[in-house]
Each structure stands twice: as C-alpha cells, then as structure tokens.
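Okay, so here's the structure we're looking at.
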Amino acid sequence: MNPRSRTFIKLGLLSLVASVVYLTGLTWGLPNKTLLAAVLPPGLDSPEFHRVLESTWRSMHERLGGNIMMASQEITSYQGHHVAPGDWRVPPDILLNPIRSFYVRSAQDDEQSLLLILSKMRPKRLDFKPRIFLYGGAYVYPLGAWMGLAAVLGLGKLSTSLAAYMPAPQDIAGLYISGRLLSACAAALTALLLYYQGRKWFGERAAFLASLFFLLSSAVIVQAHIMKPHAVWCLLAVVLFFQCCRILESGSRRDYALAGAAAGAAAGAFLLATPLCAVVAAACALRIRAG
C-alpha cells in the first residue's frame with residue numbers, strides 16, 4: 001500500500017471516530033415536550049401560559065437593561081430565601097423563570113447566553129451589537145451565520161418572539177444542536193489537522209496517535225458537545241502552531257500573515273486565548289535570530 005493510500009485510510013478512520021464520538025449525545029439536555037410534561041401540571045402548557053412566560057421575560061429584561069453585564073447588583077444579586085407551596089396548579093411568580101427555562105434553555109447554563117446575544121442583534125438594520133460581551137465576535141458572528149444557514153436547511157427556527165418557541169420547543173432545540181454541531185466540526189477538524197500537518201514534523205505514527213488521543217480526550221469531547229467557543233479557538237490555536245512551524249522553516253510572508261490572523265481570531269473568539277499571540281512573536285524572534 002502506497003503512503004497516500006495509508007494517509008487516506010487514517011484520515012477516514014479518524015473521521016469515523018469523530019463522527020461516532022461527537023455526534024452521539026449531541027442532543028443532551030435540550031428542551032422537549034417529554035421534559036415539560038414531567039414538570040408542569042396537566043393543562044398548564046397552553047397559549048395563555050406561554051404569553052405569561054414571555055411577558056415576564058420581557059419585564060425582567062427591561063429591568064436588567066440592554067447590557068446585562070452592566071445591570072445593577074440590586075437586581076442580579078441573591079435576593080434571599082423563597083418558599084413556594086408544593087401543591088400549586090398555577091405556578092407562583094418565583095417559579096416562572098425556572099419553568100421558562102424548561103421551554104427555552106439547555107442543561108448547559110452558558111449556552112443560552114449565545115442565543116440571547118444573537119437575539120439582540122438586528123441584521124436588517126445593520127445592528128450587530130452583541131450588548132452582552134461574554135464571547136468574542138470571531139466566534140459570535142460565524143455562529144450566527146452558521147445557525148442561520150442551519151435554520152434554512154430545517155435545523156431549528158429563527159424567531160424574534162420567545163413565545164413562538166413554546167408550543168414547539170424542538171424549534172429552539174434545533175438552534176442549540178446547530179451551535180453544538182459547529183463545536184463538533186471544529187473539534188474534528190482540529191484532529192484531522194493534527195494528523196495531516198503533524199506528519200511532516202513529528203512523523204506518521206506520532207501524528208496519528210496525537211490525533212486519536214485528541215479525539216478521545218474527555219475535555220475535548222465535552223467541548224464538542226456544547227455551544228461555546230472553546231473548540232473553535234482550539235482549532236485556531238493548532239492552525240497558529242503549524243504556521244509558526246512554517247515560519248521557523250521558511251519564513252514566507254504568507255506564513256507570518258496566517259499565523260497572525262489565526263492568533264487574532266483565537267483571541268477574538270475567546271479573550272483568554274490572547275496569550276497565543278506571544279507564540280507568534282516567539283516564532284518571529286527565533287526566525288530573526290536564525291537569520
């Protein structure tokens with residue numbers, strides 16, 4: 001068997017492992033009718049109750065203001081101990097927010113922040129301000145485009161009304177799935193890049209094992225199953241690393257540009273990835289020193 005055929009076989013094997021590991025369980029903890037039936041009394045899941053939930057949601061966000069991160073601590077801090085009766089047929093006000101979560105939120109607490117960020121944008125008015133600065137634009141804007149494409153293809157539904165998702169929680173569940181698919185694809189591409197590019201500097205066997213260990217790492221598996229930027233900036237970090245290797249090898253302008261772009265995009269996706277910029281600077285310094 002020639003080397004090219006072996007490469008394709010190993011890439012195929014890694015792709016198969018990634019598909020099985022990352023697509024399995026991708027729908028965990030998402031809103032669904034079965035879960036709602038276990039939480040709500042019979043008959044409560046109605047259009048009238050949906051309107052109440054949306055109304056209280058809007059009232060809450062009016063109090064919080066346009067930028068939740070700047071909201072007064074008097075609103076966001078612990079408000080004391082509350083007791084609700086256990087035999088309610090109509091939920092008391094203190095339980096409306098938790099009940100709404102079963103309609104529109106996933107079991108991973110941070111994921112809903114990204115839907116909230118995207119929901120505050122108005123593309124038709126060219127208003128792309130996130131207003132909640134938890135994650136960087138290098139992740140948020142591609143995520144929005146990816147999610148929009150997925151919705152066009154039938155995965156999830158885009159709506160400006162929260163109440164639109166309540167009769168059919170699978171519509172908002174589809175948005176979570178599409179965001180998680182982006183993470184899964186980024187993790188899979190990282191593993192394939194580790195193998196394909198790593199062969200040159202570390203050898204065939206080391207590159208394949210590194211890719212396989214990456215794919216099966218518990219930390220990577222977790223990040224591939226949630227809608228957060230970590231799998232994406234990790235992919236950018238690997239691109240950066242290999243471009244730095246090219247800088248040390250040849251030092252073409254294209255390599256410098258791609259390494260800098262990858263570092264900037266990684267930092268733009270997740271603020272704590274900013275130290276990656278120092279890797280590019282170190283590669284440049286070593287190249288200058290080598291002449």
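Note that the structure is a prediction, hence the values are computed from the model and not measured.
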Can you name the closest pair of heavy atoms from [X] and [Y] and give their distance?
| X | Y | answer |
| --- | --- | --- |
| Ala187 | Ala231 | N-CB, 4.3 Å |
| Ala173 | Leu30 | O-CD1, 3.7 Å |
| Pro169 | Leu36 | CG-CD1, 4.1 Å |
| Glu111 | Tyr176 | CB-CE2, 3.7 Å |
| Asp45 | Tyr103 | OD1-OH, 2.7 Å |
| Pro130 | Tyr141 | CD-OH, 3.9 Å |

Approximate separation, where rounding is to 0.5 Å, of [X] [atom1] and [Y] [atom2]:
| X | Y | atom1 | atom2 | result |
| --- | --- | --- | --- | --- |
| Ser161 | Arg58 | OG | CZ | 6.0 Å |
| Arg100 | Leu162 | CZ | CG | 7.0 Å |
| Ile99 | Ile94 | CD1 | CD1 | 11.0 Å |
| Arg180 | Leu175 | CZ | CG | 11.5 Å |

Quiz question: by atom type and distance under 3.5 Å, do the side chains of [X] and [Y] form a donor-acceptor pair?
| X | Y | value |
| --- | --- | --- |
| Asp110 | Ser113 | no |
| Ser183 | Gln223 | no |
| Thr56 | Asn97 | no |

Above 12 or not: heavy atoms from other molecules or residues under 6.0 Å from [atom1] of [X]?
| X | atom1 | result |
| --- | --- | --- |
| Phe102 | CZ | no |
| Phe213 | CZ | no |
| Lys33 | NZ | yes |

- Query: Going through the checks in order, is the side chain to side chain contact (heavy atoms under 4.5 Å, CB included) test met by Arg287 and Tyr256?
  - Reply: CA-CA 11 Å; Arg287 180 64 189 175; Tyr256 286 105; 3.2 Å; yes
- Task: Apply the test side chain to side chain contact (heavy atoms under 4.5 Å, CB included) to residues Leu216 and Val21: give CA-CA distance (whole Å), side-chain angles for both, the deciding distance (0.1 Å), then the verdict.
- Result: CA-CA 8 Å; Leu216 299 178; Val21 174; 4.0 Å; yes
- Task: State yes or no: do Tyr135 and Val232 share one hydrophobic cluster built from I, L, V, M, F, W and Y residues joined by side-chain heavy-atom distances below 4.5 Å, directly or via other members?
- Result: yes
- Which word best sums up how the rings of Trp233 and Phe270 line up, parallel for under 30°, tilted for 30 to 60°, or perpendicular for over 60°? parallel
- Message: Check the orientation of Phe208 and Tyr195. Use parallel for under 30°, tilted for 30 to 60°, and perpendicular for over 60°.
- Response: perpendicular
Measure from the side-chain N and O atoms of [X] to the backbone N and O of [Y], and report whether any donor-acceptor pair falls under 3.5 Å.
| X | Y | result |
| --- | --- | --- |
| His225 | Thr24 | yes |
| Asp255 | Ala257 | no |
| Trp201 | Phe242 | no |
| Trp146 | Gly179 | no |

- Do Glu249 and Lys200 meet the salt-bridge criterion of a basic N to acidic O distance under 4.0 Å?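 The answer is yes: the pair qualifies as a salt bridge.
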- Query: Does a side-chain N-to-carboxylate-O contact under 4.0 Å join Lys10 and Glu204?
  - Reply: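 Counted as a salt bridge, because a side-chain N and a carboxylate O are separated by less than 4.0 Å.
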- Establish, for the pair Arg199 and Tyr196, whether the NZ or CZ atom is under 6.0 angstrom from the six-membered ring centre and no further than 45 degrees off its axis. yes
